K.L.:
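What follows is a single structure, and I will ask about it in a moment.
Position 1 is the first residue of the sequence, and the numbers go up from there. Predicted model only: the values in this text are computed from it and were never measured. Side chains are part of it too, since the values below use all heavy atoms of this structure and drop only hydrogens, waters and symmetry mates.
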Amino acid sequence: MKKTLIPLLLVFLLALTGCGKKTEVSPYADIPKPTCVITMASGATMTFTLDPASAPNTVSNFIHLANSGFYDGMKIDYVYPTYFIKSGDPKDDGTGEPGYSIGGEFSKNGYSFNNISHERGVISMCRLTDDYNSAGCQFFIMHSTRLEYNGEYAAFGWIEKNDYQSFETLDAICSTTLDKEYRPLLRQTIQSIRVDTKGYTYDVIKYGEKYIEPASEPTVNPTSEPTQEATEP
């Protein structure tokens, strides 16, 4: 029987905001961690362990998008070797979003449970530079460790240290030939992203409701940070 996490998530978020008092241990600590597989068009894969205990709503949002097929057919937008790769933008111009945003689960936004360090293989959410609660669908995967991102972005999963195949896929993407705007010259397409929720149902808490389909003809708009351009909420 599937178990839904939305009531627990609401209680968790209320505990963070109510009366200035915070729960010391995440209520998600004992929930089995979901497993995410990103399959490229080439057949290469990257497998991630997602951590609801560190970023419950971020994980819920990613599962919602991934398992609905939102990311299928998207490409890797940017590659910054020794930094990160970026994807998840349905418009491919820095402004793509799913029609809503989610709260930023990181310390600079007053959220204390997320201690995932932005090390090699960690997956994290993009956001607007000046809006901590603007993450939607764009994400980045660390190619190397950049501790300056800790507390600034909502990291929510990682490649396991001994998963050499996933790191090989990541390194292969990062070694592809790029144009002057750090976009791959040879399209790096995501065939699918799917998450095994281990029998649990994850419901995301959103701001607004307007689903946006991926654009068929992307345009170019360079960026050098793991953020998204300003867009209407």
K.L.:
Test side-chain contact (heavy atoms from CB on, under 4.5 Å) on Y83 and R146; report intermediate values, then the result.
P.N.:
CA-CA 7 Å; Y83 279 84; R146 298 289 171 178; 3.6 Å; yes
K.L.:
Is any side-chain heavy atom of I173 closer than 4.5 Å to one of M40?
P.N.:
yes
K.L.:
How long is the gap from CD1 on I85 to CE on M142, to the nearest 0.5 Å?
P.N.:
11.0 Å
K.L.:
OG/S192 to CG/D72 distance, rounded to the nearest 0.5 angstrom?
P.N.:
5.5 Å
K.L.:
If you compare all heavy atoms of P98 against all heavy atoms of L65, which two are closest, and at what distance to 0.1 Å?
P.N.:
CB-CD2, 4.1 Å
K.L.:
Should W158 and L170 be regarded as members of a common hydrophobic cluster, given that ILVMFWY residues are connected when their side-chain heavy atoms come within less than 4.5 Å of each other, either directly or indirectly?
P.N.:
yes
K.L.:
Should N67 and T197 be marked as a side-chain contact (heavy atoms from CB on, under 4.5 Å) after you check the CA-CA gap, both sets of side-chain angles, and the distance that decides it?
P.N.:
CA-CA 10 Å; N67 287 354; T197 64; 4.2 Å; yes
K.L.:
Would you indicate whether the side-chain heavy atoms of F84 and H143 approach each other to under 4.5 Å?
P.N.:
no
K.L.:
At their closest point, which heavy atom of G88 faces which heavy atom of D77, and how far apart are they?
P.N.:
N-OD2, 4.0 Å
K.L.:
Nearest 0.5 angstrom please: R194 CZ to I63 CD1, how far?
P.N.:
13.0 Å
K.L.:
Is a donor on one side and an acceptor on the other found under 3.5 Å between the side chain of S134 and the backbone of L128?
P.N.:
yes
K.L.:
Show the numbers, then the answer: is there a side chain to side chain donor-acceptor pair (under 3.5 Å) between E160 and T47?
P.N.:
CA-CA 8 Å; E160 296 292 344; T47 301; over 6 Å; no
K.L.:
Do V37 and I141 sit in one hydrophobic cluster, given that two such residues count as connected whenever their side-chain heavy atoms are within less than 4.5 Å of each other, even indirectly?
P.N.:
no
K.L.:
Which one of F62, Y202, F106, Y28 satisfies the ring pair (Phe, Tyr, Trp, His ring centres under 6.0 Å) criterion with F156?
P.N.:
F62
K.L.:
If I compare all heavy atoms of V122 with all of S117, which pair ends up nearest, and what's the gap?
P.N.:
CG2-O, 3.2 Å
K.L.:
From S87 OG over to I193 CD1, what is the distance, rounded to the nearest 0.5 angstrom?
P.N.:
6.5 Å
K.L.:
Start with the C-alpha distance between C137 and Y71, add both sets of side-chain angles, then the distance that settles side-chain contact (heavy atoms from CB on, under 4.5 Å), and finish with yes or no.
P.N.:
CA-CA 9 Å; C137 53; Y71 293 118; 3.8 Å; yes
K.L.:
Over all heavy atoms of both residues, which pair between E181 and Y78 is shortest? Give the atoms and the distance, please.
P.N.:
O-CD2, 3.4 Å
K.L.:
Got a second to check how far Y100's OH is from I205's CD1, nearest 0.5 Å?
P.N.:
12.0 Å
K.L.:
Which atoms form the tightest heavy-atom contact between D196 and K198, and what is the distance?
P.N.:
OD1-N, 3.0 Å
K.L.:
Going from OG1 on T39 to CE on M46, what distance comes out if it is rounded to the nearest 0.5 angstrom?
P.N.:
9.5 Å
K.L.:
Using salt bridge (charged side-chain N to carboxylate O under 4.0 Å, His left out) as the criterion, list what pairs up with D171, not counting sequence neighbours.
P.N.:
R120
K.L.:
Angle class for the Y111/F113 ring planes (parallel below 30°, perpendicular above 60°, tilted otherwise)?
P.N.:
tilted
K.L.:
Minimum heavy-atom separation for D203 to N57, with atom names?
P.N.:
O-OD1, 4.5 Å
K.L.:
For the pair F140 and H118, name the ring-plane relationship: parallel under 30°, tilted 30 to 60°, perpendicular over 60°.
P.N.:
parallel
K.L.:
Can you get from F139 to V59 by hopping between Ile, Leu, Val, Met, Phe, Trp and Tyr side chains that sit under 4.5 Å apart?
P.N.:
yes
K.L.:
Who pairs with E152 by salt bridge (charged side-chain N to carboxylate O under 4.0 Å, His left out), at least two apart in sequence or on another chain?
P.N.:
K108, R127
